[in-house]
Amino acid sequence: MSLLGERERDAVASVWEHLAHDVGVRLDVGPVATPVALLAAGGREIDTNAEARALVEELCALSDRVTLELFEHQEAGAYPSLTVGAGLRYVGLPWGYELASVVQAVAVAGADGPALSEPSLERLGAIERPVSIDVFVTPT
Amino acid sequence: MLLAYRCALASPQITATAVETSEFPTWADRHGVMAVPAIVVDERPRWTGSVPEDVFVDRLLAAVRETGTAVSD
């Protein structure tokens with residue numbers, strides 16, 4: 001069963017048709033989980049690992065520039081976990097509004113040119129030690 | 001989330017993680033997340049809400065300076 005509607009697939013394909021570079025996407029999934037009712041999935045009871053796998057596989061098939069590596073873990077953990085390019089990890093099922101963010105993240109990773117404005121790049125260049133940014137989001 | 005990712009692409013020192021709060025409530029509770037998007041820098045909650053790029057970079061650098069001295073002037 002397709003998780004994305006035709007309009008969604010067309011929208012993703014049109015964003016990704018401008019990718020200038022290949023983008024690697026990695027999906028880590030945990031063991032089969034107890035289904036949870038997820039508001040973002042319309043209140044359906046779903047196994048987020050299985051749903052993420054089906055969704056990401058369907059997404060990545062929409063562009064030749066986007067390649068998917070899948071890792072299955074036997075122990076429970078913070079899964080599903082999606083890694084886009086070198087710097088972004090998304091923990092959870094990227095549904096709803098956050099799906100659009102992931103699609104945009106792939107577009108940014110595969111774009112020619114800098115990710116930020118020149119002044120921002122210069123200022124961030126002054127950071128001399130590792131820094132982690134965690135962003136807590138909801139999918140609606 | 002996208003701005004955090006753009007920062008991660010712009011600096012090899014920065015990593016960005018987005019966490020789906022409703023699936024990982026304990027993780028969010030640990031940082032006292034009450035509203036989203038909530039931004040946590042180096043494990044310390046910093047601000048809530050979407051801001052423009054220059055403000056995001058301002059706040060990020062302020063957070064980095066506060067927790068260490070590893071920003072050259």
Side-chain angles (χ1 to χ4, degrees), chain A residues 33 36-40 46 48-49 52 78-98 100-111 114-140, chain B residues 1-48 50 52-65 67-73:
Chain A
V36 290
L38 210 63
L39 207 62
I46 55 174
T48 54
N49 282 296
Y79 305 118
S81 169
L82 185 68
T83 307
V84 176
L88 177 76
R89 194 159 75 106
Y90 185 98
V91 186
L93 176 62
W95 220 192
Y97 179 76
E98 295 309 326
S101 297
V102 168
V103 169
Q104 288 298 333
V106 170
V108 171
L116 291 169
S117 68
E118 199 53 49
S120 297
L121 290 176
E122 203 170 304
R123 299 177 67 204
L124 291 179
I127 296 179
E128 293 171 341
R129 67 168 170 84
V131 173
S132 69
I133 310 175
D134 295 339
V135 184
F136 288 85
V137 298
T138 50
T140 48
Chain B
M1 171 183 136
L2 266 182
L3 266 177
Y5 184 42
R6 287 178 182 275
C7 290
L9 283 176
S11 165
Q13 301 283 18
I14 300 174
T15 52
T17 302
V19 182
E20 210 282 82
T21 307
S22 59
E23 276 175 65
F24 298 96
T26 322
W27 195 342
D29 283 349
R30 207 166 66 220
H31 296 296
V33 173
M34 304 290 281
V36 293
I39 313 296
V40 174
V41 179
D42 287 340
E43 298 294 312
R44 286 181 64 181
R46 290 296 175 171
W47 74 89
T48 302
S50 299
E53 178 185 315
D54 54 338
V55 178
F56 192 99
V57 172
D58 277 347
R59 291 182 180 181
L60 176 63
L61 287 173
V64 172
R65 284 200 177 92
T67 48
T69 53
V71 181
S72 58
D73 290 318

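The chains referred to below are lettered A, B, ... by the order of the sequence lines, with proteins before strands, and numbering in each begins at 1. Hydrogens, waters and symmetry mates play no part in the numbers below; they use all other heavy atoms, side chains included.
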- Query: Given a strict heavy-atom distance threshold of 4.5 Å, which part of A/Leu121 is in contact with chain B: side chain, backbone, both, or neither?
  - Reply: side chain
- Cut-off 4.5 Å, heavy atoms of chain B, and the answer for A/Thr83 is neither
If I measure from the heavy atoms of chain A, does [X] come under 4.5 Å with its side chain, its backbone, both, or neither?
X	answer
B/Leu2	side chain
B/Ala16	both
B/Thr15	both
B/Asp42	both
B/Val41	both

- Using a cut-off of under 4.5 Å on heavy-atom pairs, state which of A/Pro114, A/Gly85, A/Ser81, A/Ser117 scores highest against chain B. A/Ser117
- Note on the structure: Counting heavy-atom pairs under 4.5 angstrom with chain B, the leader among A/Ala105, A/Ser132, A/Gly92 is A/Ser132
Is a side-chain N or O of [X] found less than 3.5 angstrom from the main chain of [Y], in a donor-acceptor match?
X	Y	answer
B/Arg46	B/Ile39	no
A/Arg129	B/Val64	yes
B/Ser11	A/Gly125	no
A/Tyr90	A/Ser101	no
B/Glu53	A/Leu116	no

- Task: Rounded to the nearest 0.5 Å, what's the gap from OG1 on B/Thr26 to CZ on B/Arg30? Could you check?
- Result: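 Between B/Thr26 OG1 and B/Arg30 CZ, I get 8.5 Å after rounding to 0.5 Å.
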- Aromatic ring pairing A/Phe136/B/His31, orientation class (parallel under 30°, perpendicular over 60°, tilted between):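 Aromatic pair A/Phe136/B/His31 classed tilted.
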